[in-house]
2 protein chains.
Amino acid sequence: MNIGDVSNQTGLPAKTIRYYEDIGLVKPLRDDNGYRRFRSQDVHKLNFLGRARALGFTIEDCRTLMALYEDETRASADVKKVARAHMAQIEAKIADLNAMRDTLGHLIDACAGDDRPDCPILQDLGGKT
Amino acid sequence: MNIGDVSNQTGLPAKTIRYYEDIGLVKPLRDDNGYRRFRSQDVHKLNFLGRARALGFTIEDCRTLMALYEDETRASADVKKVARAHMAQIEAKIADLNAMRDTLGHLIDACAGDDRPDCPILQDLGGKT
DNA sequence: CTTGACCTTCCCGTGACTGGAACCCCCATT
DNA sequence: AATGGGGGTTCCAGTCACGGGAAGGTCAAG
């Protein structure tokens with residue numbers, strides 16, 4: 001399979017696939033003409049990566065998870081540890097965003113949104129006084 | 001005031017303040033020795049920027065908001081529009097993160113986290129079969 | 001033989017900074 | 001007068017995970 005087919009199968013842009021090769025996440029073979037040739041195991045890896053990325057894991061996490069995936073003697077505890085660390089990051093981000101949403105929501109509600117210049121949003125950003 | 005004092009007053013790193021000058025958000029004067037000299041209005045602007053950034057507004061949004069802040073003839077509707085667009089971004093991000101959290105949460109719960117290799121997290125990433 | 005769809009590499013840009021190097025300035029102490 | 005330390009300055013590189021686009025090689029069809 002060439003990169004275009006792989007891209008269609010996995011949903012990953014060709015650019016991304018090349019990038020993953022660059023950083024050593026996938027190692028497709030090469031045809032005589034220089035084209036990348038992907039075996040089914042490469043496609044499988046790329047699907048794995050796509051799903052892990054969709055869950056928000058960083059590339060480095062993906063590297064770790066891939067290594068664990070391929071290590072038959074892994075302990076599930078190691079996987080869970082990575083997942084839980086990532087979970088904590090996600091929850092921290094959600095908390096931040098919720099705080100922003102709440103503050104911003106109040107300000108938006110308080111703003112008339114008409115053609116007059118008075119605006120609680122700007123007042124707040126300007127320091128309220 | 002020198003940049004260090006401004007940094008203390010605003011809580012913004014000196015690096016950030018220099019960056020904001022670089023991209024034209026703030027225009028401090030210069031002393032003869034080349035040091036930046038910040039007037040109170042500069043400090044006020046920086047506080048404004050700090051608060052806007054803390055609410056997650058992009059730098060370009062901040063630029064827009066600053067312009068509106070300084071325009072006495074603004075319409076609050078214009079401010080509200082920017083704020084609502086940002087709000088939509090925040091909510092979209094929260095939705096994404098919530099979906100990740102839910103999926104990841106189920107997987108984590110299903111994972112024994114012991115020294116055996118069986119792991120639903122990896123199974124899911126690998127395509128479940 | 002040419003067209004057009006692929007593929008290749010390479011380099012730059014993204015956003016909002018952060019780190020670090022190399023250097024200047026000012027004040028106080030020895 | 002030299003030195004030390006704590007300011008300040010510029011500029012360059014790196015972050016993260018790609019995306020855009022240029023310049024060029026390859027391949028199957030008409």
Side-chain angles (χ1 to χ4, degrees), chain A residues 1-38 42-43 45-46 48-66 85-86 89-90 92-93 96-97 100, chain B residues 1-38 42-43 45-46 48-66 85-86 89-90 92-93 96-97 100:
Chain A
M1 276 177 111
N2 283 346
I3 200 168
D5 308 315
V6 177
S7 175
N8 285 335
Q9 276 219 10
T10 60
L12 297 172
K15 279 271 186 185
T16 299
I17 297 172
R18 291 196 195 98
Y19 173 65
Y20 287 170
E21 186 193 16
D22 246 34
I23 62 176
L25 283 177
V26 195
K27 298 182 186 7
L29 304 175
R30 294 290 181 140
D31 284 340
D32 291 342
N33 55 16
Y35 286 20
R36 287 166 183 82
R37 187 157 55 81
F38 294 85
D42 297 320
V43 178
K45 270 196 186 190
L46 286 167
F48 183 101
L49 291 169
R51 277 186 285 263
R53 291 289 298 130
L55 284 179
F57 284 105
T58 66
I59 290 285
E60 281 321 297
D61 280 347
C62 289
R63 205 187 293 278
T64 305
L65 291 171
M66 278 280 295
H86 178 46
Q89 301 272 320
I90 288 176
K93 245 182 208 172
D96 281 359
L97 289 171
M100 289 180 197
Chain B
M1 277 176 110
N2 283 346
I3 200 168
D5 308 315
V6 176
S7 175
N8 285 335
Q9 276 220 11
T10 62
L12 298 171
K15 279 270 187 187
T16 299
I17 298 172
R18 290 197 195 97
Y19 173 65
Y20 287 171
E21 186 193 15
D22 247 33
I23 61 175
L25 282 178
V26 82
K27 298 181 188 7
L29 305 175
R30 292 291 178 139
D31 282 343
D32 290 342
N33 55 16
Y35 286 20
R36 288 168 183 80
R37 188 157 55 79
F38 294 84
D42 298 319
V43 178
K45 270 195 185 190
L46 287 167
F48 182 101
L49 291 169
R51 277 186 286 263
R53 291 287 302 128
L55 284 179
F57 284 104
T58 65
I59 290 284
E60 282 318 300
D61 280 347
C62 288
R63 204 186 291 278
T64 305
L65 291 171
M66 278 280 294
H86 178 46
Q89 300 271 319
I90 290 177
K93 245 183 208 169
D96 282 359
L97 289 170
M100 289 182 196

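Just so it is clear: chains get the letters A, B, ... in the order the sequence lines come, proteins before strands, and each one is counted from 1. Being a predicted model, the structure only gives us computed values, none of them experimental.
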Determine, for A:Arg63 against A:Glu60, whether the closest basic-nitrogen to carboxylate-oxygen distance falls under 4.0 angstrom. yes
So what does A:Phe57 touch, heavy atoms closer than 4.0 Å: a base, only the sugar-phosphate, or nothing? nothing
Whole angstrom value for the distance that separates C1' of D:dA17 from CG of A:Asp22: 12 Å
B:Gln89 atom CD, over 12 foreign heavy atoms within 6.0 Å: no
Atom pair distance, as rounded to whole Å: CZ in B:Arg63 and P in C:dG15: 11 Å
Exercise: identify the closest heavy-atom pair between B:Ser7 and B:Ala14: OG-N, 3.7 Å
Which nucleotide wins on minimum distance to the side chain of B:Tyr35, given the candidates C:dC17, C:dC25, D:dC18? C:dC25
Quick one: is D:dC16 close enough that its OP1 or OP2 comes under 4.0 Å of any side-chain N or O from A:Thr58? no
Identify the heavy atoms of A:Leu55 and A:His86 that sit nearest to each other, and give their distance. O-NE2, 2.8 Å
May I ask you to say what B:Ile23 touches in the nucleic acid, namely base, sugar-phosphate or nothing, with a heavy-atom cut-off under 4.0 Å? nothing
Rounded to whole angstroms, how far apart are CG on B:Asp32 and P on C:dC26? 9 Å
Taken to the nearest whole Å, OH/B:Tyr19 to C1'/D:dT10 is 17 Å
What is the distance from CG of A:Asn2 to P of D:dG25, rounded to the nearest Å? 19 Å
So what does B:Arg36 hit on the nucleic acid, given a heavy-atom distance under 4.0 Å: a base, only sugar-phosphate, or nothing? sugar-phosphate
What is the separation between atom CD1 on A:Ile17 and atom P on D:dA17, rounded to the nearest whole Å? 17 Å
Distance in Å, B:Asn2 CG paired with B:Asn8 CG, rounded so as to fall on 0.5 Å steps: 11.5 Å
Find which nucleotide of DNA chain C each of B:Ile59 and B:Asn33 is nearest to by heavy atoms, and output the residue with the more 5' nucleotide. B:Ile59
Whole-Å distance, A:Arg18 CZ to D:dA17 C1', equals 16 Å
Which nucleotide, C:dC17, D:dT9, C:dT8, lies nearest any side-chain atom of B:Arg53? C:dC17
Length of the CZ-P vector between A:Arg30 and D:dT26, whole Å: 14 Å
Name the closest nucleotide to the A:Thr16 side chain, picking from D:dG19, C:dT9, C:dT18. D:dG19
Would you mind classifying the nucleic acid contact of B:Arg37 as base, sugar-phosphate or nothing, using non-hydrogen atoms under 4.0 angstrom? nothing
Of B:Glu60 and B:Lys15, the one whose nearest nucleotide on DNA chain C sits closer to the 5' end is B:Glu60
